[in-house]
Each structure stands twice: as structure tokens, then as C-alpha cells.
Amino acid sequence: MSEPIKTLCPYCGVGCGLEVLPPAQSGKATNRDDQGRPLWQVRGDRSHPSSKGKVCVKGATVAESLDKNRLKYPMMRDSLDQEFQRVSWEQALGRITSQMQQVIQTQGADGICMYGSGQFQTEDYYIAQKLLKGCLGTNNFDANSRLCMSSAVAGYIQSFGSDGPPSCYDDLELTDCAFLIGTNTADCHPIVYNRLRMHQKKNRKVKMIVVDPRQTKAAKDADLHLAIQPGTDMDLLNGIAHLLLRWGELDTLFIDECTQGFSQFAEVIKAYPPEMVARRCGIRIDHLEQAAHYWAESSKVLSLWSMGVNQSSEGTAKVRTIINLHLMTGNIGKPGAGPFSLTGQPNAMGGREAGGLCHILPGYRVVKNPSHRQELEQAWQLAPGSINPQAGRDAWSMITGLETGDVGVLWVAATNPAVSMPDLVRTKKALLRSPFTIVQDAYYPMETASFAHVVLPAAQWGEKTGTMTNSERVVTLCPKFRSAPGEARPDWEIFAEVGRRLGFTKEFDFANSAEVYQEFVQLTQGRPCDMSGLSHGRLRQQGSIQWPCPLAEVKDPKSIALTCSTERNIPQDQEEAKGLFSNLFRAKDEPIVAKRLYTNGTFNTPDGRANFAAFHSKGLAEPIDPNYPFVLTIGRLYEHWHTMTRTGRIDKIMKKQPRPFLEIHPKDANKLGVEESMMVEVRSRRGTARFAARVTEAIIPGTVFVPMHWGALWTDDGEANLLTHPESCPISLEPELKACAVNLTPVSVENIVGGDRSQTITPNLREMSIETEVNQPESDYQMVKSLGKPAKDNSLIR
Ligand code: SF4
């Protein structure tokens with residue numbers, strides 16, 4: 001076999017196409033790593049419409065993590081102080097189903113929670129929704145997209161009547177002006193950034209504005225860098241809108257014909273004169289005016305944003321305030337223009353399509369809409385009223401549900417909340433109280449498994465067949481090309497098996513993932529995310545395809561049925577072979593015509609008009625004060641991915657970024673006596689962590705930055721989320737991971753342990769009381785804090 005397998009990078013939402021080749025090929029030496037292990041080879045797929053052959057270091061090295069520290073067998077224990085014992089699938093599934101039945105009987109189905117992941121394939125997501133929201137009748141499914149994109153989802157729904165980014169990557173090469181706010185695109189979405197940067201370099205009239213308190217690579221490349229104070233994004237956006245209104249730089253026809261609510265919006269932005277905005281944001285007035293001029297002079301403005309906007313206690317309002325600028329200037333639904341959220345995870349978009357948050361249902365439906373529930377109950381052949389009309393528990397309320405004893409079973413799959421959730425000491429304490437936790441993952445050890453009663457081995461990328469959707473709505477089939485290690489199984493198969501054992505035999509009667517996908521896409525028919533014209537077979541033959549893709553637009557609808565039956569006729573146990581020969585099925589690559597949403601100015605609201613929204617900013621949930629005088633912002637690095645379950649096991653990446661650090665401005669460093677590489681203790685009201693200082697002018701004075709990747713498995717003291725707080729946007733429920741108040745102390749090793757924590761008294765943050773841990777003894781604090789650091793030596797995983 002020498003034909004490469006076409007698939008998708010499993011890391012970020014850019015969704016780059018990859019080609020994978022096996023370690024051994026005839027006439028060539030076997031590809032091996034420095035330990036002598038055979039390594040699959042990975043390269044960019046030039047035919048993929050989103051990435052055109054480009055990959056970053058994460059995509060290029062992903063195969064190096066495939067055989068390291070894999071969880072191969074189910075393991076169980078009765079209590080968290082015991083060692084795990086290897087068990088059979090029969091034993092593990094038997095215990096899971098009996099525990100779930102017991103909780104359903106005693107607490108009701110709402111005692112069960114599942115916390116999933118944008119690493120899932122769409123098929124995994126869909127089966128989990130059918131199991132929990134349909135068959136069990138609880139909406140307690142949430143995913144780590146809650147920490148990532150839920151503000152964008154809420155903003156799109158409120159402004160446009162539906163989720164769905166309106167733009168596509170071709171717009172990166174068609175825009176006159178790129179407006180990057182709250183996104184370190186060069187590091188976190190590098191291939192998107194490369195496309196934009198090439199366009200900017202080739203066309204000097206193209207402007208790039210970057211709004212970021214850090215001087216990132218993109219900020220250095222920008223025509224204008226607005227290094228605003230954290231939490232002043234909405235002031236800036238309203239300030240730009242104020243100037244556009246003052247100058248009459250509006251698309252009045254678009255406003256009149258396609259929107260509603262402009263008058264109220266105009267009243268609000270009148271209160272944002274440039275002098276006041278510049279002062280609040282900490283920028284020069286002429287820079288603010290320059291940004292507004294770029295907006296005014298460009299006929300095609302493309303806004304890009306990610307976590308810097310979404311992870312905020314007013315994340316939805318921020319998203320809507322970005323959208324306001326596009327609506328008032330008519331910058332939407334045309335080439336090179338539009339508001340464009342960049343998704344964090346490879347299949348966060350697929351999760352949204354499949355209903356993978358606690359308030360939504362498959363096919364861009366929402367839990368609170370009775371017609372949407374009814375449509376699904378009919379499709380799933382469930383009794384009317386089976387789907388709970390109330391939203392379920394979001395990620396953080398699963399943690400508080402553990403605290404109150406309302407959660408009896410917590411099932412965590414493909415994600416690592418013991419690193420990624422805010423206020424980690426409180427999170428870990430809650431996880432310790434869980435009566436029964438299942439952790440389903442590809443790797444072991446990983447931090448959250450330390451809190452599990454049962455761990456289940458999951459097949460990962462390349463070991464199961466399914467689909468993923470990237471930021472620009474392009475769906476790619478990711479075929480199985482190698483066997484899963486040991487007894488690992490695809491996530492959807494595990495969920496389906498539990499469903500059958502709970503009595504839902506016919507509901508989970510799927511021969512393979514192609515059948516799962518077929519059932520799912522039929523539910524999208526007529527919905528904004530219509531994918532009814534897709535199938536595994538069609539994606540295998542034609543390559544990646546962007547939605548909307550309704551069946552009605554397929555030239556020969558029978559071809560979809562034909563390709564489906566081809567997929568069905570390949571038994572599950574031959575999927576690997578099917579993956580290996582995938583290119584025999586693949587027709588000559590066909591160009592994809594990029595599609596934008598709302599090209600006719602009609603939106604998915606009841607009256608077809610987009611909604612303006614008027615907001616005054618409330619600022620940060622936890623502002624600085626004399627005790628906590630610095631803003632801590634956290635973020636990602638180019639090399640690492642999320643909680644390092646893969647990248648922490650890739651030598652090249654660990655050599656580049658071996659440990660976390662603290663970026664601090666020289667002025668602040670001088671005041672505190674901090675020198676380069678000196679350890680600094682960072683203390684918030686919730687916890688402490690320590691980092692080596694990097695003194696740099698690439699961050700504004702008064703703000704410090706640490707990377708978010710390191711968990712207890714990889715660092716003794718550098719967990720960023722020990723410091724963050726859980727206050728969230730009241731609409732999207734996305735926590736404000738991006739900012740909290742801290743103080744800084746340069747430390748020597750001797751005065752680290754057992755330091756005085758007496759000043760960490762927690763006031764209430766706005767209305768919400770964030771529970772403090774400071775009243776517990778120091779020894780308890782240290783014990784809980786260090787949890788999630790599992791023994792690295794376990795014979796079961798080798
Ligand atoms: Fe993978 Fe994202 Fe890098 Fe592309 S940009 S190779 S999707 S990590």
C-alpha cells in the first residue's frame with residue numbers, strides 16, 4: 001500500500017487536510033522514531049480545500065503520539081484510594097449500566113451527566129445525544145466547547161436566528177481589511193493565519209488590525225495593533241461604531257432592508273466618544289480613529305475572533321457587538337467580508353451540528369423549542385414528551401452538581417476537566433466527591449483519570465471512521481487506517497453498547513459509523529446546517545464538502561443511497577482495509593465552491609432580519625484591586641495542544657516548549673524585582689502557581705500571561721487554572737477563563753512551601769459568590785491541588 005490515506009488533522013478547528021502513509025512501504029526503510037518505534041508518516045493534503053497542503057508542527061508530528069502511553073484495557077476500582085485493576089469490557093460495562101440504572105431509580109435520569117469533547121467525531125456526538133437526550137430523557141450532555149465556542153454560538157443565534165459562521169476561508173484571500181480581535185491566530189490557527197498573511201503581503205492595500213494586550217506575531221505583522229486593556233473590547237467596538245455613525249459610514253440600504261434594532265443600537269453607541277473610549281482602552285485616540293477609518297474605507301471587512309472574545313463573562317455581548325459592526329456596514333454575505341469565529345477544536349463545529357451542548361439538539365435545534373423536540377421524538381420513535389424541555393447541566397454546573405450531591409454518575413470522554421476547568425482546586429475537590437466517574441480516553445495516565453472509578457480505552461484518530469467539520473463548515477471523512485491498540489473501541493460504539501444494555505436495542509442497531517452518519521444527516525434536512533446530501537461514501541469519493549449541502553442539490557440523489565449501501569456492505573471488522581484502500585473509491589478531486597451564508601440578506605430569524613444588539617460593557621468579572629493588582633490572562637502556544645495529552649508525548653514539541661512560563665512587562669518586573677527566569681509566585685483568590693519569568697515588552701504593563709496547557713501530570717506548580725475563576729457569561733455560560741486578578745511575588749524555593757495564604761480572602765464577584773478554598777488547612781489545599789498527578793508507571797498501558 002503506497003497510496004496515502006486522506007484525512008483531517010485531529011488538533012484544531014482550522015481543519016487541515018492530511019495525507020497519511022504507513023511506516024513500512026516497499027522499497028523504503030521503515031519510518032521509525034528515535035526509540036525505534038514504527039511511525040506513520042504525515043504530510044499536508046494539497047487537494048484539501050481548507051489548507052491546500054499546509055500543516056503546522058502539531059499536524060506534522062501527530063503520528064508520533066499514536067503509540068505512546070495508550071490506554072489499552074478497561075480498568076476499575078471501588079474507590080479512589082485503590083489501585084486500578086484490569087477488567088473485561090463485560091465487567092466494566094456491567095458496572096456502568098447497573099450504576100446508571102441505580103441512579104435513574106433513585107435520583108432520576110438528571111443524576112447522570114456526560115462531559116464530551118470537540119475531539120469527538122460527529123458520529124460519537126450524535127450517539128451520545130440520542131442516548132442521553134433521547135432515550136434517557138436528560139439534557140445533561142455538555143462538551144468542552146462550552147469553554148471554547150459557546151459565546152459564538154449564542155451570539156450567532158441571537159443576531160442571525162441560527163448558529164453557523166457565515167464566512168469561509170476563501171474570504172481570507174478576498175478581504176480588504178482583516179480585523180483580528182481576541183485571537184492569537186498566528187499561533188493558534190496558524191494555517192488560517194498563513195493564508196491571510198500571504199494575501200496581506202501580496203496586496204499592500206489590504207489592512208490588518210489586531211486587537212490584543214499581547215504583541216503576538218500577528219500584532220507585529222499588523223498595520224495597526226491596538227493593545228487594549230483586558231475587558232475593554234466592547235468599549236473599543238462601540239467606539240468604532242460611534243465614529244462610523246458620526247462619519248455617516250453606514251450601509252443604510254442594508255440596515256433598512258435586512259436588519260432590525262438599529263435605532264436603539266445608535267442610541268447606545270452615542271455614549272462612546274473617542275476620548276472616553278481611548279482612555280478606557282488605554283490606546284491613543286488617533287489609533288482608534290485609524291481603526292475606524294480602515295473599517296470605513298474597506299468595502300470588505302472580515303472579523304476573526306476566538307477565545308479572547310468568547311471566554312468572557314460578557315462573551316455573547318462581545319460577539320454581538322462585533323456582529324453589529326458588520327451589520328451597520330453591510331459587511332456580511334459577500335466575498336471577503338463577515339464575522340468569522342475560529343473554532344478551537346477539530347470538530348467543535350460537528351458537535352454544534354449534532355446538538356452537543358446541554359441546551360441544543362441535533363440539526364441546530366434548541367431544547368426549549370417544542371417543535372424541535374417533537375421533530376426529534378418522532379425521528380427517534382420516542383413517546384411525546386420524552387425529551388426534557390429544560391436545558392441540562394453545563395460544564396460548570398456538573399461540577400457544582402457534584403458538590404451538592406445531585407450528580408450520581410459523571411461520564412467524561414475525550415477531555416480533561418482536571419486541567420481545563422476554571423478554579424481547579426474547587427474542581428478537583430468536586431471530582432473527589434463524585435459517587436461514580438467514568439473516564440473514557442485514548443491515553444493513560446491523564447489527569448482526570450485520577451478521579452475515575454472506571455476508565456475505558458477509546459480508539460482515537462486513525463483508529464475509527466467518522467466525520468469532522470472545521471471552522472468554515474467543511475466536512476471531512478476521517479477514515480480508519482490502523483488498528484486500535486489492545487481493546488480500545490470507538491466512542492460511539494461504547495455509547496451505543498451502553499444504550500443497548502439499558503434496553504434501547506433497536507435505537508442503537510448500527511452496523512457501522514456510516515449508518516450512524518446517515519441517520520444523523522437526515523435529521524438536518526431543511527435545517528440551516530442541512531447536510532442531507534452527504535454520506536461517508538460521497539465524502540470518500542469526492543473529498544471534503546462544505547455545508548449547506550442539501551439532498552435536493554445533489555445532481556443524482558440515488559448516488560448518495562448507492563454510496564451509503566456500499567459503506568453498509570463493508571462489515572465493521574473490515575473498516576481498516578476499507579481505509580487503506582480509500583483512494584480506490586475516490587473520484588478525481590472536484591473543486592469545491594466556497595459558500596457563504598446570508599448572501600441574499602435574509603437571516604434565520606422569524607422576520608428574516610438580523611438583530612442589532614445594544615450593550616454597555618461591565619468590564620472584567622474580577623477587576624484588579626490593591627491586593628490583586630495584576631490581570632492574569634491565559635492562552636495557547638503554537639506548539640502545544642490543550643492539556644497536552646498528545647503534545648506532551650511528542651519529543652520535538654516538548655523540546656521546544658518544555659515548561660510553562662510567565663510573561664511580564666519590564667516596568668512591572670523592575671518594580672517587583674523580578675529578573676529573567678526568576679520564579680514568580682502568582683496568587684489569585686483561589687490558588688497559587690509558580691512560573692519562570694519571561695520579561696518582555698510584548699505584553700502591556702499591568703497584565704501578565706501564562707500558557708494554559710500544563711496540568712498536574714506535566715508540572716508541579718504551573719497549572720494556570722488553579723488561578724482562574726468560573727464566573728461565566730449569563731447567556732452562553734462560557735467561563736471568563738481569559739482574565740482574573742492576581743498578585744505576584746518573586747520567590748526562592750525555601751519560601752514557597754506552606755506560605756502565608758491569609759490574605760486570600762474571597763469577596764463576591766459581582767452577584768455570584770465564588771467559593772474560596774482559603775478556609776481549609778494548608779495541608780488540605782496542597783493535597784487537593786496536587787491531585788491529577790497520576791503514577792506514570794502502570795504496566796497495563798504498555
Ligand atoms: Fe492541525 Fe490546526 Fe495545525 Fe492545521 S493549523 S495542522 S488543523 S493544528
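Read the numbers this way: they start at 1 and go in the same order the structure lists the ligands and their atoms. All values below come from the heavy atoms of this structure, side chains included, with hydrogens, waters and symmetry mates left out.
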**Q** By the definition salt bridge (charged side-chain N to carboxylate O under 4.0 Å, His left out), identify the one residue from Arg70, Lys72, Lys480, Arg489 that meets it with Glu463.
**A**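 Answer after filtering Arg70, Lys72, Lys480, Arg489: Arg70.
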**Q** Examine His640 together with Trp710 and report whether their ring centres are nearer than 6.0 Å.
**A**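 Distance test on ring centres: under 6.0 Å, yes.
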**Q** State, to 0.1 Å, how close Ser471 and Pro165 come at their nearest heavy-atom pair, and which atoms those are.
**A**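 Heavy atoms of Ser471 and Pro165 come nearest at O-CG, 3.6 Å.
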**Q** Note the single closest protein heavy atom to atom 5 (S) of ligand 1, along with its residue, its atom name and the distance in Å.
**A**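 Answer for atom 5 (S) of ligand 1: Ile191 CG1, 3.5 Å.
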**Q** Starting from atom 3 (Fe) of ligand 1, which protein heavy atom do you reach first, and at what distance in Å?
**A**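 The answer is Cys56 SG, 2.3 Å.
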**Q** Within the stated cut-off of 2.8 Å, is an N/O/S atom of Cys9 closer than that to atom 3 (Fe) of ligand 1?
**A**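 Coordinating: no.
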**Q** Give the atoms of ligand 1, by number and element, whose distance to some non-hydrogen atom of Tyr11 is under 4.0 Å.
**A**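 Once the distances to Tyr11 are compared, the set is 8 (S).
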**Q** Taking 4.0 angstrom as the limit, do Asp491 and Lys464 come out as a salt bridge?
**A**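 The answer is yes: the pair qualifies as a salt bridge.
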**Q** Can you list the ligand 1 atoms lying under 4.0 Å from a non-hydrogen atom of Gly15?
**A**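 Going through ligand 1 atom by atom, the ones under 4.0 Å from Gly15 are 7 (S).
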**Q** Which residue in the set Lys595, Lys300, Arg596, Arg195 passes salt bridge (charged side-chain N to carboxylate O under 4.0 Å, His left out) when paired with Asp171?
**A**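 Exactly one option meets the salt bridge (charged side-chain N to carboxylate O under 4.0 Å, His left out) with Asp171, and it is Arg596.
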**Q** Should Ser51 be listed as contacting ligand 1, given a heavy-atom distance under 4.0 Å as the test?
**A**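 Distance cut 4.0 Å: Ser51 fails for ligand 1.
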**Q** Any N/O/S atom from Cys16 (main chain or side chain) under 2.8 Å of atom 4 (Fe) of ligand 1?
**A**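 Checking atom 4 (Fe) of ligand 1 against Cys16, an N, O or S atom does fall under 2.8 Å.
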**Q** Salt bridge (charged side-chain N to carboxylate O under 4.0 Å, His left out) between Asp67 and Arg482: does it pass, once the steps are laid out?
**A** CA-CA 11 Å; Asp67 288 312; Arg482 57 176 247 139; 2.9 Å; yes
**Q** Counting each atom of ligand 1 from 1 as listed, which ones have a heavy atom of Pro190 under 4.0 Å away?
**A**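 Here the atoms of ligand 1 in question are 5 (S).
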**Q** Hey, what's the ring geometry for Phe705 with Phe661, parallel, tilted or perpendicular (30° and 60° as the breaks)?
**A**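 Answer is tilted, since the angle falls between 30° and 60°.
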**Q** So which heavy atom in the protein is nearest atom 2 (Fe) of ligand 1, and how far is it from that ligand atom?
**A**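 It is Cys12 SG, 2.3 Å.
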